[in-house]
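So the structure is just underneath, and the comments pick up after that.
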Amino acid sequence: AWNRCSFSSFYKGKPFHLKTFEQFARHVQDVRNFIGEEISARNSIFLGEANAMAAPVDLLIREMDHAADRLVPSMADFRGFYSFLEPGQTPEISGTDWRRLRDAGLRRIYLGLETGCGELRETLGKTGSVEDVLRAARAAKEAGISVGMILILGVGGQSYFDRHMNDSILSLHSVPLDGSDMVFLSPLCVDSQSPYSSLADGWGGCDDRDMEKQHSLFQAALPPGVRAVTYNVRHFSYA
């Protein structure tokens with residue numbers, strides 16, 4: 001819905017829209033037909049692409065219920081629904097609605113914090129503030145929904161190295177993360193023609209060694225029990 005981040009080209013040229021319930025129902029049937037018998041090996045349902053949580057809660061729950069009716073009976077060990085949430089492009093969700101989403105099967109939301117440094121985050125073109133991300137994470141946790149916090153290794157180069165590290169660690173510790181939560185550490189990977197490349201010219205780059213150092217520092221600073229997972233976008237295909 002935002003699609004203006006300087007470092008990401010995943011959805012360039014792909015206009016955002018919310019499916020109607022009828023469109024969603026047809027999509028679910030298409031998914032079922034495409035996967036066939038292999039659906040028995042699946043154990044979760046990921047909603048949408050970058051931000052299914054932008055849908056009105058009543059519509060989202062209706063769609064989750066429909067997907068559960070059509071898909072879950074064929075899954076051997078269903079563990080729930082998962083979704084990205086883009087603060088700044090998502091309507092405010094009340095505590096009651098968070099609990100309704102939990103009861104409908106939502107188990108984890110993924111939040112692109114990217115960095116806890118507000119100045120850097122704004123420069124990167126992210127929508128919403130650091131506090132918007134943290135507020136959404138706290139609200140989800142209060143309702144019993146786990147969170148996946150995404151941080152970018154090497155973002156901001158040498159100029160922001162320490163602030164990115166320190167502010168991100170402080171941000172993570174301001175949310176009551178526990179063993180059900182995950183922190184995804186994503187090495188910076190940008191196209192040479194991206195807006196980020198021109199922004200970074202004066203920052204000084206972070207090489208693989210710098211990013212490995214940040215990875216180790218982040219991992220050591222995580223709250224007890226929280227898992228750190230490497231999320232390398234080079235290994236994923238977004239089609």
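Heads up: numbering here begins at 1 and tracks the sequence.
- In this model, no donor atom of one side chain and acceptor atom of the other lie less than 3.5 Å apart for Asp210 and Gln214.
- Partner of Ser168 under the side chain to side chain contact (heavy atoms under 4.5 Å, CB included) criterion, out of Leu217, Val183, Leu151: Leu151 alone.
- Shown here are the ring-ring contact (aromatic ring centres under 6.0 Å, His included) partners of Tyr82, two or more places apart in sequence or in another chain: there are none.
- Identified under the ring-ring contact (aromatic ring centres under 6.0 Å, His included) test for residues 204-223, with sequence neighbours left out: His164-Phe218.
- With sequence neighbours excluded, the residues satisfying side chain to side chain donor-acceptor pair (under 3.5 Å) with Thr90 are Asn51.
- Counting heavy atoms from C-beta on, the side chains of Tyr231 and Tyr110 never come closer than 4.5 Å.
- A salt bridge between Asp97 and Arg100 is present, with a side-chain N of the basic residue lying under 4.0 Å from a carboxylate O of the acidic one.
- For the pair Arg32/Ser74, a side-chain contact is recorded, criterion being any heavy-atom separation below 4.5 Å from C-beta on.
- In this structure, the side chain of Arg26 does not engage the main chain of Phe21 through any donor-acceptor pair within 3.5 Å.
- Within the structure, no pair that satisfies the ring-ring contact (aromatic ring centres under 6.0 Å, His included) test touches residues 114-133, not counting sequence neighbours.
- Applying the salt bridge (Lys or Arg N to Asp or Glu O under 4.0 Å) test to pairs two or more places apart or on separate chains, those with a residue in residues 146-163 are Glu119-Arg163.
- Within a 6.0 Å radius of CD in Glu92, no more than 12 heavy atoms belonging to other residues, nucleotides or ligands are found.
- Ile45 has its side chain within reach of Met75: a pair of non-hydrogen atoms, C-beta onward, lies under 4.5 Å apart.
- Here salt bridge (Lys or Arg N to Asp or Glu O under 4.0 Å) pairs that include residues 132-161, with residues two or more places apart or in two chains, are Glu131-Arg138, Asp132-Arg135, Lys141-Asp178, Lys141-Asp181.
- Across all non-hydrogen atoms, the minimal contact from Val133 to Arg121 is CG2-NH2, 3.5 Å.
- Across every non-hydrogen atom of Leu185 and Ala228, the tightest pair is CD1-CB, 4.2 Å.
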